[in-house]
Amino acid sequence: MDDKIIGIASDHAGFPLKEFLKGLLVNWDYKVVDLGCNSEDSVDYPDFAYPLARKVTEGKIPRGILICGTGIGMSIAANKVKGIRAALCWDECTARMSRNHNDANILCLGGRTLTPKQAEQILKVWLEESFLGGNHKRRLDKISKIERDG
Ligand code: RB5
């Protein structure tokens, strides 16, 4: 799949940061699939987390970004979808680890907890880093087993 495609979605609290990050991604030559929302009018974050998560697990987009006020609601909702590893990141270290160790396929950000500059730095690291495999793969396989068998 084309690694230069990325999905993005937010609720009202994440909308301004979503718009800011979209501009950056376009400048970085990403094709951005924006799944809403489209204003700061109040909406419910699961309605935006689920469609984006499904696009990732269906293989239509390789990875995505979800933004709400804190990023917490988006991460809880997205992680209900089998195959999703949504990571709430708040600095460059958590962004790096979420890729190196957890192979996160969705980045969750807090629109009310991060400055645009902080979010930019987190996103940049998250996009550049890769999964390290090895012992970390064994652990992810155990999570997949929980998803399969309960
Ligand atoms: C909306 O007010 C807020 O609860 C939501 O954006 C998010 O932070 C939930 O986790």
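As the structure is a prediction and not an experimental result, all values here were calculated from the model. Values below: all heavy atoms of this structure, side chains included; hydrogens, waters and symmetry mates excluded. Just so you know, ligand 1 is whichever comes first in the structure, and atom 1 is the first atom listed for that ligand.
Using a 4.0 Å cut-off between charged side-chain N and carboxylate O, Lys22 and Asp34 make a salt bridge. At a threshold of 4.0 Å, the pair Lys117-Glu120 counts as salt-bridged, since one of the basic side-chain nitrogens sits closer than that to a carboxylate oxygen. Glu147 and Lys82 are not joined by a salt bridge, as no carboxylate oxygen comes within less than 4.0 angstrom of a charged side-chain nitrogen. Between Lys145 and Asp141, no side-chain nitrogen of the basic residue sits less than 4.0 Å from a carboxylate oxygen of the acidic one, so the salt-bridge criterion is not met. The residues Asp103 and Arg85 are annotated as salt-bridged, a charged nitrogen and a carboxylate oxygen being separated by less than 4.0 angstrom.
The line from CD1 of Ile5 to NZ of Lys60 is 13.0 Å long, rounded to the nearest 0.5 Å. Between atom CH2 of residue Trp90 and atom CD of residue Gln118 there is a gap of 13.0 Å, rounded to the nearest 0.5 Å.
The protein heavy-atom contact nearest to atom 1 (C) of ligand 1 is His12 NE2, 3.7 Å. Of the protein's non-hydrogen atoms, the one nearest atom 2 (O) of ligand 1 is Arg112 NH1, 3.4 Å. Atom 10 (O) of ligand 1 has as its closest protein heavy atom Gly73 N, 2.9 Å. Taking atom 9 (C) of ligand 1 as the reference point, the nearest protein heavy-atom neighbour is Tyr45 CE2, 3.5 Å.
Distance screen at 4.0 Å: atom 6 (O) of ligand 1 has a protein heavy-atom neighbour inside the cut-off.
For a threshold of 3.5 Å applied to N or O pairs, the pair formed by Ala13 and ligand 1 contains no separation below that value. Not one N or O of Met74 is nearer than 3.5 Å to an N or O of ligand 1, by distance alone.
Of all the atoms in ligand 1, the ones that sit under 4.0 Å from a non-hydrogen atom of Gly69 are 5 (C), 6 (O), 7 (C), 8 (O).
Heavy atoms of Asp11 found under 4.0 angstrom from ligand 1 belong exclusively to the side chain.
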